[in-house]
Amino acid sequence: MSVILRLLTVVGSHRKCHATTLPPLTFFFTRQLQSFSSQEILHYRLQRCSSMAHLKLLHAHIVVLGLSQENFTLGKLISFAAVDERGDIDYAALVFNRIPQPNRFMFNSLIRGYSNGSRGPSEAIAMYREMLSSGVSPNEFTLPFVLKACAVESSHWLSTLLHGHGIKLGICSHVCVQNALMNALIGFRMTSDARKLFDEIDEKSLVSWNSMIGGYSRAGQTMEAFNLFRRMKEFRVGPDEITFVSLLSACSQARDSDLGMLVHLFIEMTGVQADLILRNALLDMYGKCGHLDSAEKIFRQTPEKNVISWTSLVTAYARHGCIKSARELFAQMPIRNAVSWNSLISAYLQNGQFGEVLSLFEEMQDSGFIPDEATLATVLSACAQIGDIATGKRIHAYACETNLIALPIALANSLIAMYAKCGEVATALDIFREVQCKNLVSWNIAMGCLALQGCGAEAIELFREMEALGIQPDGITFTGLLTACSHSGLINLGRYYFERMMSVHSIPPEIEHYACMIDLLGRGGLLEEAIMLVGTMPMRADIVIWGSLLGACRIHKFAEMGRVLLKQLLELLPHSSGLCVLLSNLYSEAGRWEDRRKIRKIMNDTGVAKCDAISYIEIDGLVYEFMVDDRRSRWPNSIYPVLDRLTDHLKLEVPSGTL
DNA sequence: TTAGGGTTAG
């Protein structure tokens, strides 16, 4: 039968080309064809369908042959339109909606199509509901697709309900249903529950192993992923290319090139076919781990690269300081998408080239690419850094236009940060209050920004609100809270929260928490307590800590203590420009010009350069960049008298020695 | 009578 069916294609093509003069062999098979019904031939052609145009032609045949009521035939038609990547789900739905009593196969095809689609999986769930209300019973083919839709929609309660349906229908023992339930839990980040389910699967398939290894990889649990990989051997299950992709992804996230290289070796030893996805995963692993030569080698050896191959290498260059190479490679890309643009744009953000971020954003739109949430969040971050509130507001308006119902939480958080850092604290708080599904990041941003803007009391109030709502804080929350205490001079409250952070919330203090506390104590004149705290730190004090301490010495006129501290530190960190500048300033204030000259000479001789601090100001929608003593001719002369007046005003307001 | 699940870039 299959031989004859294969030959049918030959007959079909001959009919097109040689309608009048068929060769004798083809003529023989044409006679054989007569033994098949028109319906059988149609089914065969539907199975071999190659495009929507082809499908529509076959649909016309169905109508002409009077088979419009044949559910089996229509099922095949719907299946192609709904499921095949060359299909059209709307066409499938159109046909489906004209069928008086659609069967289970048709429902399953549409649910599968919707769960794979880019328009969102809610239609898959709606179709499942319609299936139930039509009295059509789901089977083991139905549940995996609805569960997939649930995982994307984050409908944990719905997946629990479906689990119940599965038990009632007696299909939960099917390995595909179990894998789908496990994958839903992985999607909800309930990795340990997924593992329990995995352990309960009697006859695990390769997909079960790959799903769980992939789950650990996505959760950043690298060791668990590798432990499970080792156990595959005990169960006599051989890995495939998908197993290796998940393992490499785990290595990339952990920046563990040793493990990654072992996986590479294993791939070569097992002789698994390295397809494009696996090559891309290898490229990404080497790129993220900073092995640019190996990443380039894989890139060169990949014959048919896709946009992911190119973007992975652009990202690798950008993240390892080769921004010029990243830009050049980006220019050579034969195909780009929003992710490629975002990769380059965020590279400039990380590099502190905020003006370049904004011009690339313009270029991206001029090239016809639609910015997505990640683009907007990156550009908002640049706006926040340079105080470009005008562009920030334009992005806000754009985001509201394109997200008619609600702003995605990550974007809302970026907006809160942008407004707060640009000084519009009230607008930032309005957005924060309006966001329905705030996450911990939202609270941390709002609190941190209030603290930095000097609104310490408001930040502390926000923390109390958080506690009252039962939201568990993290280390970042406490950095904001302690900064708020420090900037408001609330020494006792700072001590209280620093202690509670460990005793109540079990959060071990990191170096930034110590820095806040030392700053708080130093500003309060409690130098001795601050120095003692440095002594109790489980990690080495960094330049920020010493800077806080030295700053306190300057404010409180402990000049001699500062100089002793600094000279000792300079022996430990001779190339620290920050320390050299601090010492130089201390000598200037004490009028010790010769010592100041010496330290400046050391800086010049040893190549310790003072980093130029760039400031930005936005006036009437234009962002101006300037440095200390910056008298470049492009600024209007009228700016200088204003700056001088501001400096005089500050000198009157701020205690001497702090300016 | 039709068929299914797991993987890569910002």
Side-chain angles (χ1 to χ4, degrees), chain A residues 39-40 43 46-47 70-80 82-84 103-109 111-113 115-116 139-148 151 171 174-184 186-187 198 201 204-215 217-218 239-250 252 274-285 287-288 295 298 302 305-316 318-319 326 330 333 336-347 349-350 371-375 377-378:
Chain A
Q39 208 173 344
E40 280 173 315
H43 291 166
L46 278 167
Q47 227 159 335
E70 278 292 326
N71 270 7
F72 188 80
T73 310
L74 291 174
K76 285 198 173 295
L77 183 102
I78 289 170
S79 173
F80 179 88
V83 174
D84 198 282
N103 62 22
R104 184 156 60 189
F105 181 75
M106 292 168 177
F107 272 109
N108 286 352
S109 297
I111 291 170
R112 185 181 166 194
S115 74
N116 289 334
N139 66 357
E140 70 273 21
F141 294 104
T142 322
L143 242 50
F145 297 117
V146 197
L147 281 163
K148 191 178 173 182
I171 54 173
H174 200 286
V175 69
C176 280
V177 177
Q178 287 177 313
N179 287 344
L181 284 164
M182 188 172 71
N183 272 308
I186 288 168
F198 172 83
I201 302 175
K204 297 173 183 62
S205 66
L206 178 57
V207 175
S208 320
W209 289 91
N210 284 349
S211 300
M212 200 58 238
I213 291 173
S217 165
R218 263 180 281 163
D240 67 355
E241 69 278 10
I242 297 177
T243 324
F244 291 124
V245 168
S246 293
L247 291 173
L248 286 167
S249 175
S252 298
D275 62 7
L276 183 58
I277 297 179
L278 184 49
R279 281 174 182 278
N280 285 347
L282 274 166
L283 198 168
D284 180 59
M285 182 276 294
K288 291 238 174 80
I298 291 168
T302 304
K305 305 165 186 65
N306 65 4
V307 69
I308 298 180
S309 330
W310 286 86
T311 308
S312 299
L313 194 58
V314 168
T315 309
R319 286 195 181 176
F330 184 79
M333 282 180 80
R336 294 172 188 155
N337 61 13
V339 180
S340 347
W341 279 96
N342 294 348
S343 170
L344 194 68
I345 294 173
S346 56
L349 179 78
Q350 300 302 322
D372 65 8
E373 285 164 42
T375 326
T378 309

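From a predicted model like this one, the values you see are computed outputs, not experimental measurements. Throughout, a chain's letter reflects where its sequence line sits, starting with A, and its residues are numbered from 1.
- Inspection of the A/Ser217 and A/Ser246 side chains reveals no N or O donor paired with an N or O acceptor under 3.5 Å.
- Expressed to the nearest 0.5 Å, how far CE of A/Met106 lies from CD1 of A/Ile111 amounts to 13.5 Å.
- For B/dA3, the base has a donor-acceptor partner in the side chain of A/Asn108 [N/O atoms by modelled type, under 3.5 angstrom].
- In this structure a side-chain-to-backbone donor-acceptor pair under 3.5 Å is missing from A/Asp284 to A/Asn280.
- Counting non-hydrogen atoms under 4.0 angstrom, A/Arg104 reaches nothing in the nucleic acid.
- The side chain of A/Asn337 lies closest to B/dA9, out of B/dT2, B/dA9, B/dT8.
- If you check distances only, the side chain of A/Asn306 never reaches the base of B/dA9 with a donor-acceptor pair under 3.5 Å.
- When distances are taken from the side chain of A/Lys76 to each of B/dA3, B/dT7, B/dT2, the shortest belongs to B/dT2.
- When rounded to the nearest whole Å, the span between NZ of A/Lys148 and P of B/dA3 equals 18 Å.
- Contacts of A/Val314 with the nucleic acid, taken as non-hydrogen atoms under 4.0 Å apart, are absent.
- Residue A/Ala374 is in base contact, counting any heavy-atom pair closer than 4.0 Å across all strands shown.
- Proximity note for A/Arg218 (side chain, C-beta onward) versus B/dT7, B/dA9, B/dG5: the nearest is B/dT7.
- A/Met212 places its CE atom 20 Å from the P atom of B/dG5, with the value rounded to the nearest Å.
- Residue contacts shown for A/Asn71 are absent, as no nucleic acid heavy atom lies under 4.0 Å away.
- Picking from B/dA9, B/dT2, B/dG5 the nucleotide with the shortest atom distance to the side chain of A/Phe145 gives B/dG5.
- Rounded to a whole Å, the CZ atom of A/Phe244 is 16 Å from the P atom of B/dT8.
- No hydrogens or angles were tested; on distance alone, a donor-acceptor pair under 3.5 Å links the side chain of A/Ser205 to the base of B/dG5.
- Among the protein residues, A/Leu206 comes within range of the nucleic acid bases, having at least one heavy atom under 4.0 Å from a base atom.
- In plain terms, the two heavy atoms of A/Ile298 and A/Arg279 that are nearest each other are CG2-O, 3.6 Å.
- Taking the six-membered ring where the residue is Trp, the centroids of A/Trp310 and A/Phe330 are separated by 6.0 Å or more.
- As a whole-Å value, the separation of A/Leu313 CG from B/dA9 P is 15 Å.
- For A/Asn179 (side chain) and A/Met182 (main-chain N/O), no donor-acceptor pair under 3.5 Å exists by modelled atom type.
- Here the nucleotide nearest the side chain of A/Asn103, chosen from B/dT8, B/dG5, B/dT2, is B/dT2.
- Comparing B/dA9, B/dT2, B/dT7 by their closest approach to the side chain of A/Phe105 singles out B/dT2.
- With B/dT8, B/dT2, B/dG5 as the candidates, the nucleotide lying closest to the side chain of A/Phe72 is B/dT2.
- The distance between atom CG of A/Asp84 and atom P of B/dT2, rounded to the nearest whole Å, is 19 Å.
- For A/Thr311, taking side-chain heavy atoms from C-beta onward, the closest of the listed nucleotides B/dT7, B/dA3, B/dA9 is B/dA9.
- Residue A/Lys288 is classed as a sugar-phosphate contact, given heavy-atom separations below 4.0 Å to backbone atoms only.
- At whole-Å resolution of the value, NE2 in A/His174 and P in B/dA3 are 13 Å apart.
- Residue A/Asn139 is classed as a base contact, given a heavy-atom separation below 4.0 Å to a base.
- With no hydrogens or angles considered, no side-chain donor-acceptor pair links A/Ser252 and A/Ser249 at under 3.5 Å.
- Within 4.0 Å (heavy atoms only), A/Arg279 reaches no atom of the nucleic acid at all.
- Rounded to whole angstrom, the span from the CG atom of A/Leu74 across to the P atom of B/dT1 amounts to 18 Å.
- The distance between atom CD of A/Glu70 and atom P of B/dT2, rounded to the nearest whole Å, is 16 Å.
- Among the protein residues, A/His43 comes within range of no part of the nucleic acid, since none of its heavy atoms lies under 4.0 Å from any strand.
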